[in-house]
Amino acid sequence: MLTVVLVLNGLIGLACLWVAWWLWRLKNQLSRAADNLIAAEKAVYRVLYRAPEHITRGQTGTHRLRRNLAQLEPQLQQIQQLMTLLNVAQAILLRRSIFSQNSGSRRRSAARWFR
């Protein structure tokens, strides 16, 4: 009877030792996971803690650019109108110079044109 009690006591001791070893491994894994989460939280904080300031600065810059664009659009339209006018004038002058050639066949004027 004493042998049975000692064997059972030894088995219970080994089971408790195995559970303690398993819990120790679990504690180490949870500790590493917590350390990783803390490191990730610190990294995110370093990146994002000034984000509101940068967002506000970006919004201010965007507002300023839109205002400047609104001021420049009339000038752009004027420049586009001027370029259109210059293109029309160039086309008129080109036609006038082609038609002003008083002698010569079309072939000769085309040959002059493509030289």
Side-chain angles (χ1 to χ4, degrees):
M1 187 70 178
L2 182 62
T3 309
V4 173
V5 170
L6 289 176
V7 169
L8 285 176
N9 199 11
L11 290 175
I12 292 172
L14 287 175
C16 287
L17 183 64
W18 180 80
V19 168
W21 173 75
W22 185 79
L23 287 174
W24 179 76
R25 283 188 47 211
L26 181 63
K27 179 198 73 104
N28 286 339
Q29 289 175 349
L30 289 175
S31 176
R32 279 196 304 270
D35 291 342
N36 289 336
L37 287 173
I38 289 170
E41 189 270 335
K42 286 180 181 179
V44 169
Y45 177 79
R46 270 194 313 270
V47 170
L48 296 180
Y49 84 99
R50 295 189 63 175
E53 178 183 323
H54 293 296
I55 290 170
T56 303
R57 190 179 319 153
Q59 288 174 340
T60 304
T62 302
H63 176 70
R64 190 176 307 129
L65 285 174
R66 285 184 180 158
R67 190 178 61 228
N68 290 345
L69 178 64
Q71 291 173 355
L72 292 175
E73 280 182 349
Q75 293 176 3
L76 176 63
Q77 289 175 353
Q78 289 176 349
I79 290 172
Q80 287 173 340
Q81 290 172 352
L82 179 63
M83 292 301 292
T84 303
L85 184 64
L86 289 174
N87 284 337
V88 168
Q90 182 183 14
I92 290 172
L93 289 175
L94 184 61
R95 277 191 193 158
R96 183 182 262 181
S97 69
I98 288 174
F99 289 127
S100 70
Q101 295 172 354
N102 50 4
S103 67
S105 68
R106 287 183 175 233
R107 210 185 254 169
R108 194 167 59 183
S109 65
R112 241 185 250 158
W113 176 250
F114 288 110
R115 271 191 234 170

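None of the values given here were measured: they were computed from a predicted structure.
Note: Gln78 CD to Gln80 CD = 11.0 Å, rounded to the nearest 0.5 Å. Taking CG from Asn87 and CG from Leu94, the interatomic distance works out to 11.5 Å, rounded to the nearest 0.5 Å. Of the inter-residue distances, the one linking His63 atom NE2 with Asn68 atom CG reads 9.5 Å to the nearest 0.5 angstrom. For the atom pair OG1 of Thr3 and CG of Leu8, the computed distance is 11.0 Å after rounding to the nearest 0.5 Å. In this structure, CG on Leu86 lies 11.5 Å from CD1 on Ile79, to the nearest 0.5 angstrom. The distance from atom CD1 of Ile92 to atom CD of Gln90, rounded to the nearest 0.5 Å, is 11.0 Å.
Judged as a side chain to side chain donor-acceptor pair (under 3.5 Å), the pairs with a partner in residues 42-61 (not counting sequence neighbours) are, in order, Arg50-Glu53, Glu53-Arg57.
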For a quick test of your reading: what N or O donor-acceptor pairs under 3.5 Å do the side chains of residues 17-39 make, sequence neighbours left out?
from  : atom 1 : to    : atom 2 : distance (Å)
Asn36 : ND2    : Arg32 : O      : 3.4

Donor-acceptor contacts under 3.5 Å from residues 69-77 side chains, at least two apart:
none

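Heavy-atom neighbours of Arg95 CZ from other residues, nucleotides or ligands within 6.0 Å: at or below the threshold of 12.
Follow the hydrophobic side-chain contacts under 4.5 Å out from Val7 and you never reach Val4; the two are in separate clusters.
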